Amino acid sequence: MQTKLKSYLNRTTSAAPLAVFRIGFGAMMLASIIRFWSLGWIDKLYLQPKFQFSYYGFEWIKPIGNYTYLLFAIAGLAALFVLIGFKYRIAVITFFLSFTYIELMDKTTYLNHYYFISVLSFLMCFLPANAYFSLDAFIKKTQYKQIPKWTIDSIKLLLGMVYFYAGLAKLNSDWLFKAMPLKIWLPSKYDIPIIGETLMHKEWFHFAMSWSGMLYDLAIPFLLLYKKTRTVAFIIVIIFHVFTRILFPIGMFPYIMIVSTLIFFDANIHEKILNVFRKGISLLKLKATELNTQVYNYSNRKISIPILVVFFTLQLAMPWRYLLYPNELFWTEEGYRFSWRVMLMEKAGYANFKIVNSETNDFFYVNNLDFLTPFQEKQMSFQPDFILEYAHYLGDHFKSQGHENVQVFVECFAALNGRMSQPYIDPKIDLYNEKESFNHKKWILPFNDEIKGL
Amino acid sequence: MLKKVFILFTIAMVVIACSSTDDSNGSGTNDGFNRTELLTNVADNLIVPAFQDLQTKLSALDAANESFVTNKSVTNLELLSDAWLDAYKVWQHVQIYNLGEADNLGGGERGFVSFFNIYPVTVADIENGANTGNYDLNTANYHDAQGFPALDFLIHGVATGDALPIDKFITNSDSNGYTTYLTDVITQMITLNDAIVNSWESGYRDTFIDNTDSGVNGSFNKLANDLIYSYEKDFRAQKVGIPAGVFSNGGSLPETVEAFYKKDVSKELALEALIGIENLFNGVGYASTTTGSSLNTYLEFLDRADLVIEINNQFTAAKNAINGLNENFYQQTIDNNAQMTAAYDIIQAAIPKLKVDMKQALNFVIDYVDGDGD
């Protein structure tokens with residue numbers, strides 16, 4: 001066993017797929033940052049809000065005023081450096097840190113695919129993605145055509161995991177037997193050319209999409225791994241992501257996934273891709289330099305491998321942590337994030353906060369838009385940890401304004417996947433008195449229905 | 001092989017790039033639900049007739065004002081008051097529709113309501129305007145010194161130092177100034193409403209009906225957003241919640257009721273507003289019994305008849321709660337604010353149904369949220 005493991009770790013493979021992956025990743029990230037910036041979202045999502053929803057334990061991470069733009073500039077520059085493979089290690093670590101900092105600033109903007117970027121860029125800190133076809137190699141006049149095979153496999157493992165867990169999460173009665181939430185989402189896309197008028201409102205189509213989405217997620221990692229099915233699988237990847245892009249506002253994610261899955265292809269294909277780049281570069285008429293070719297020697301393996309083992313173990317375990325909590329996961333959302341649960345719910349809520357003086361019983365209601373952006377209000381209204389954090393913010397705010405004996409109550413309703421809305425939070429609980437923790441939040445009212453499955 | 005993959009890849013990228021504009025111009029699209037029919041019904045049977053009726057009532061108001069200016073008698077002031085109330089009741093039906101020209105008037109957050117019905121009115125601005133003749137009703141400063149609430153004060157309120165409402169037009173040292181202000185307010189209302197009516201009659205109706213997009217700017221989206229906003233803001237908060245004091249610390253605020261100077265019509269106006277919203281939801285024509293396609297029809301099409309019943313039950317409960325109140329909300333909040341607060345709670349109960357359930361069922365885009373999803 002041990003020798004098998006050792007020989008696996010010592011196996012080498014062509015460095016080309018990782019080089020192409022690095023270039024693709026850098027390009028996608030650079031484009032994402034530029035897009036985010038040019039849409040004015042830095043201002044809208046991070047600078048305009050008076051208040052940010054923090055992740056538990058990361059309350060100290062906040063937007064830093066106009067320096068937030070600098071933070072994005074650093075992330076963008078780091079992505080560019082990753083793309084060209086210049087000072088790769090520092091660049092990718094910088095990218096991971098700046099991007100993750102950005103994501104931690106406000107959990108209102110949490111998206112699985114942003115989390116995916118953070119996780120992937122962390123992994124890339126440990127990979128020799130600049131070994132080949134990089135500026136670093138050019139400057140050092142040394143390139144490595146062979147790198148440890150496990151480095152490329154680790155990316156495949158991460159990608160496969162994301163898909164597979166996304167598929168597992170779809171194994172529930174709402175998705176499979178009620179075609180929810182696609183049944184709500186698809187009919188409203190009636191103005192898409194051709195299929196909008198003919199398919200989007202058909203019930204069989206909702207079920208077909210639900211089931212094929214589930215099968216796609218569960219099967220695609222394996223179809224990409226096996227050489228015989230790989231090309232077909234890649235075509236399916238393209239069709240799937242293009243389709244989701246047309247249907248839903250999911251930004252750069254489809255591009256990123258399509259480019260990422262190229263890593264499953266053999267080295268000769270990546271060499272051809274690199275040849276295209278080489279032709280492009282040769283147009284610049286730079287002086288050609290002969291590079292030494294060596295076999296890459298992964299120097300810090302003794303540290304890196306254990307870190308990555310812990311990392312992947314955590315990644316594999318995280319999506320299951322919801323089992324430690326009682327009640328329906330979709331309802332309480334305890335253990336929902338960081339688990340590749342993508343597009344599973346149409347959930348909306350309404351939260352009406354009431355500030356009470358416990359001595360005199362005087363009260364008044366809060367206009368959420370005095371404190372939150374509409375986007376924050378929307379996200380807050382159906383997520384218990386947001387509701388609690390906001391209740392504390394309100395309590396502190398009114399206390400500092402001179403209000404006495406402040407209690408904060410909420411009348412909150414939520415609706416999940418087309419069910420009639422029902423009371424969500426116990427209106428008799430003074431939320432100002434409740435503390436955030438990883439324990440179950442007992443003041444979430446029970447869900448009046450049952451969703452079977454994982 | 002590789003070439004094929006690349007060609008496919010390129011096609012995919014092009015398709016993605018081309019599809020990135022979410023507001024594609026689909027006209028006459030049809031998912032089995034006839035959106036054009038819905039928009040046609042709402043435009044032709046609800047919106048346009050209501051704005052036209054407001055136009056009629058405003059020109060009657062103008063005529064009553066002319067008579068009053070010519071002969072400043074108590075009788076003529078009472079006739080002016082009647083004309084004011086007639087127009088005010090119609091206003092309750094049009095205030096929902098912040099669309100097209102109404103939206104273009106640039107009234108800020110409250111839209112065209114800013115020029116017609118911001119209350120409580122700021123009396124000091126009116127008195128100052130009457131005194132100096134120096135005012136511009138088009139500026140945001142004067143949003144709370146024009147429209148129906150300003151007329152309410154001018155017709156029914158007593159100016160500083162006066163004994164009777166009519167004194168400000170006769171014995172007050174600024175009587176000419178008040179008369180001019182009165183006429184200017186009415187002229188402003190007529191001008192703005194005429195612009196709205198003209199735009200609906202001269203093409204905006206077709207633009208509105210043709211815009212069957214599913215995006216934020218689609219007519220249906222705007223209509224659904226307007227209904228919720230009007231119920232929440234114009235009706236629930238302005239007419240009941242704020243006077244009952246539920247948004248402020250320290251008891252009721254009787255002086256913030258609608259028609260504060262006339263006083264005995266606040267219930268009547270509130271009921272009109274609710275009927276206007278209810279009629280939009282159920283597609284009932286303005287001042288008629290014609291019923292056509294509307295939000296209720298769409299919900300039923302989506303198998304949510306349960307929600308239609310639920311929302312209509314909420315409307316009925318709200319109506320009953322208001323009917324139980326004094327016709328004068330000012331008096332109600334002073335005599336028994338607990339009943340006012342209880343009525344507010346009943347009205348409030350419809351909000352989750354509209355903002356959560358209806359929004360989810362129709363999956364319409366809310367004005368404000370753009371950003372990526374996953």
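Basis for what follows: all heavy atoms, side chains included, without hydrogens, waters or symmetry-related copies. Computed from a prediction, not measured in an experiment: that's the story for all the values here. Below, chain A is the first sequence line, B the second, and so on; all start at residue 1.
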Engineer: Taking all atoms of both residues into account, what is the closest heavy-atom pair of A:Ala414 and B:Val356, and its distance?
Structural biologist: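 That would be C-CG1, 4.4 Å.
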Engineer: Are there more than 12 heavy atoms of other residues, nucleotides or ligands under 6.0 Å from atom NZ of A:Lys202?
Structural biologist: yes
Engineer: Taking all heavy atoms of A:Phe364 and all of B:Ser248, pick out the closest pair and write down the distance.
Structural biologist: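 Here A:Phe364 and B:Ser248 meet closest at CB-O, 3.4 Å.
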Engineer: What's the shortest heavy-atom distance between A:Phe363 and B:Thr341, and which atoms?
Structural biologist: CZ-CG2, 4.1 Å
Engineer: Backbone N or O of B:Leu354 within a donor-acceptor pair of the A:Tyr350 side chain at under 3.5 Å?
Structural biologist: no
Engineer: Are the side chains of A:Phe413 and B:Lys353 in touch, meaning some heavy atoms are under 4.5 Å apart?
Structural biologist: no
Engineer: Using non-hydrogen atoms and a limit below 4.5 Å, what part of residues 235-244 of chain B faces chain A?
Structural biologist: B:Arg236
Engineer: Can you name the nearest heavy-atom pair linking B:Asp345 to A:Tyr365, along with the distance?
Structural biologist: OD1-OH, 3.9 Å
Engineer: Using a 4.5 angstrom heavy-atom cutoff, name the option from A:His403, A:Glu411, A:Lys183, A:Lys189 with the most pairs to chain B.
Structural biologist: A:His403
Engineer: Sort out for me which of A:Asp362, A:Leu199, A:Ile184, A:Asn417 touches chain B most, counting heavy-atom pairs under 4.5 Å.
Structural biologist: A:Ile184
Engineer: What residue, out of A:Thr360, A:Val366, A:Ile355, A:Asn352, has the most heavy-atom pairs lying under 4.5 Å from chain B?
Structural biologist: A:Asn352
Engineer: Any sub-3.5 Å donor-acceptor pair from A:Glu346's side-chain atoms to B:Gln360's backbone N or O?
Structural biologist: no
Engineer: Would you mind checking which part of A:Lys347 comes under 4.5 Å of any heavy atom in chain B, side chain (CB onward), backbone (N, CA, C, O), both or neither?
Structural biologist: backbone
Engineer: Is it the backbone or the side chain of A:Leu247 that comes under 4.5 Å from a heavy atom of chain B, or both, or neither?
Structural biologist: neither
Engineer: Kindly compute the distance separating CG (B:Asn211) from CG (A:Asp191), expressed to the nearest 0.5 Å.
Structural biologist: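 Separation between the atoms: 9.5 Å.
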Engineer: Below 4.5 Å from any heavy atom of chain B, which atoms of A:Asn367 appear? Answer side chain, backbone, both or neither.
Structural biologist: neither
Engineer: Need one label for B:Glu109: side chain, backbone, both or neither, based on atoms under 4.5 Å from any heavy atom in chain A.
Structural biologist: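 Neither the backbone nor the side chain of B:Glu109 comes within 4.5 Å of chain A.
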Engineer: Are more than 12 heavy atoms from other residues, nucleotides or ligands located less than 6.0 Å from atom CD of A:Gln48?
Structural biologist: yes
Engineer: Out of curiosity, A:Arg419 CZ to B:Asp306 CG, how far, rounded to the nearest 0.5 Å?
Structural biologist: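 The distance works out to 13.0 Å.
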Engineer: How long is the straight-line distance from OG of A:Ser421 back to NZ of B:Lys359, given to the nearest 0.5 Å?
Structural biologist: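 Reported value, rounded in 0.5 Å steps: 11.5 Å.
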